[in-house]
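Below is one structure, written out as structure tokens, with a few remarks after it.
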Amino acid sequence: QGIRLEVEGGPLHTAWRIRPGVAQIAAPVSQLQDSAHPRVRASSLVYVAVDTSDYIHAYRRLDDISLSDEGRLQLEGGAPISGSLLMWPGSFGRMSIVLVDFDLDGVLDLLLGTHKMSSVPNRRHGLPQSLPGRPGAAVLFLRGVTVKTGTGKTSKAAKGKVQQKLPPLGLQFKFPELLQHNGEAMFFGSHKCSAEVVDMVVGGVPGPHLLVGEEAGRLIFLLRSRLSTVSYPE
């Protein structure tokens, strides 16, 4: 039987048809000092989902059922990352989230499995819906960038000084890019595609490779050496 997760003393509500991302990551020291939850010090497991306002949101494990609210994930510059063009019931959500160091630079990235009308990171210019002809669901790559100095909102530190907070998880992300196979963008129909990494050696090529589930029920394995984006590999 499943156990309901809770955040800040109440049930955790997310958008529907979300497959959340989970990863191990150390809490930034400044975040520990400023946290209202002492248990954050002993935990490094984070949970990322789409919240009920359509933003990609981070939480940190406190115990088997309790999470702390870490805030909405951000682009470089501090803008939150939203997921859909429309906010009608059933129109937002529908996303798979993977937190993984996909480009192997030592920093966690985001891989997002989207649907045709997904619009990441905003409704006006988001992918994939802003592409001409709306070609379909896609896997998006958002490169993670470590942020070591405060940005955005201010908060009171333990000694009463006002300081700028680090972004959630100490990370910000670059604008999303379409994942390509053999140099061509991949599209997977209208419904949500699901992405997952496969971290193993295949044919002498080390991972992480990519596994994509698409609307016809097929699982598609994509070798890492054949994957790219506009900026990856550098």
task: Begin from the C-alpha positions of Leu179 and Phe102 and carry the test side-chain contact (heavy atoms from CB on, under 4.5 Å) through to its verdict.
output: CA-CA 11 Å; Leu179 207 59; Phe102 190 72; 4.3 Å; yes

task: Compare every heavy atom of Ala58 with every heavy atom of Pro168, then report the nearest pair and how far apart it is.
output: CB-CB, 4.4 Å

task: Determine the minimum heavy-atom distance between Gly93 and Asp54, stating which atoms define it.
output: N-OD1, 4.2 Å

Any side-chain heavy-atom pair of [X] and [Y] under 4.5 Å:
X      : Y      : answer
Leu112 : Ile56  : yes
Ser231 : Lys174 : no
Leu85  : Arg134 : yes
Leu222 : Val139 : no
Arg60  : Leu169 : yes
Val145 : Val107 : no
Leu171 : Leu73  : no
His181 : Leu227 : yes

Residue pairs involving residues 92-114 (criterion side chain to side chain donor-acceptor pair (under 3.5 Å); sequence neighbours excluded): Asp103-Arg143

Just distance, no hydrogens or angles: give the donor-acceptor pairs under 3.5 Å from side chains in residues 184-191, sequence neighbours left out.
none

Is it possible for you to say whether [X] and [Y] belong to one hydrophobic cluster, with membership spreading through side-chain heavy-atom contacts below 4.5 Å?
X      : Y      : answer
Tyr55  : Val98  : no
Leu45  : Tyr47  : yes
Val212 : Tyr232 : yes

- prompt: Passes side-chain contact (heavy atoms from CB on, under 4.5 Å), Ile97 versus Leu110? Steps please.
  reply: CA-CA 7 Å; Ile97 301 171; Leu110 279 173; 3.9 Å; yes

message: Using only atom types and a distance under 3.5 Å, with no angle test, would you say the side chain of Glu8 pairs donor to acceptor with the backbone of Asp69?
response: yes

field: Any pair counted as ring-ring contact (aromatic ring centres under 6.0 Å, His included), so long as it reaches residues 58-78, sequence neighbours left out
entry: His57-Tyr59

For residues 115-128, which side-chain donor-acceptor pairs fall under 3.5 Å, sequence neighbours excluded?
from	atom 1	to	atom 2	distance (Å)
His115	ND1	Met117	N	3.2
His115	NE2	Ser118	OG	3.4
Ser118	OG	His115	N	2.9
Ser118	OG	His115	O	3.3
Ser119	OG	Asn122	O	2.6
Ser119	OG	Arg123	O	3.4
Ser119	OG	Gln129	NE2	3.1
Asn122	OD1	Arg124	N	3.3
Asn122	OD1	His125	N	2.7
Arg123	NE	Ser84	O	3.4

Could you tell me the separation between the [atom1] atom of [X] and the [atom2] atom of [Y], rounded to the nearest 0.5 Å?
X      : Y      : atom1 : atom2 : result
Leu111 : Ser194 : CG    : OG    : 12.5 Å
Leu166 : Glu70  : CG    : CD    : 11.0 Å
His13  : Asp51  : NE2   : CG    : 12.0 Å
Ser68  : Leu62  : OG    : CG    : 4.5 Å

For [X], give me all partners under salt bridge (charged side-chain N to carboxylate O under 4.0 Å, His left out), at least two apart in sequence or on another chain.
X      : value
Arg19  : Glu196
Glu215 : none
Glu177 : none

query: Leu178 and Leu131: side-chain contact (heavy atoms from CB on, under 4.5 Å), yes or no, with the steps?
result: CA-CA 11 Å; Leu178 293 170; Leu131 296 171; 3.7 Å; yes

statement: Connected to Met87, directly or through other members, by ILVMFWY side-chain contacts below 4.5 Å are Phe92

query: Partners of Pro132 by side chain to side chain contact (heavy atoms under 4.5 Å, CB included), sequence neighbours excluded?
result: none

Sequence neighbours left out, cut at 3.5 Å: what donor-acceptor pairs do the side chains of residues 197-211 make with other protein atoms?
from	atom 1	to	atom 2	distance (Å)
His209	ND1	Arg224	N	2.9
His209	NE2	Met200	O	3.0
His209	NE2	Val205	O	3.0

query: Residues two or more places apart in sequence or in another chain: which of them pass side chain to side chain donor-acceptor pair (under 3.5 Å) with Asn182?
result: none

- line: Ser228 meets the side chain to side chain donor-acceptor pair (under 3.5 Å) criterion, sequence neighbours left out, with Gln180

query: Run the side-chain contact (heavy atoms from CB on, under 4.5 Å) check on Ile3 and Asp64 step by step: do they pass?
result: CA-CA 9 Å; Ile3 300 174; Asp64 288 347; 5.9 Å; no

- request: Assess whether side chain to side chain donor-acceptor pair (under 3.5 Å) is satisfied between Gln74 and Gln172, documenting all intermediate values.
  value: CA-CA 5 Å; Gln74 301 174 3; Gln172 290 182 331; 2.9 Å; yes

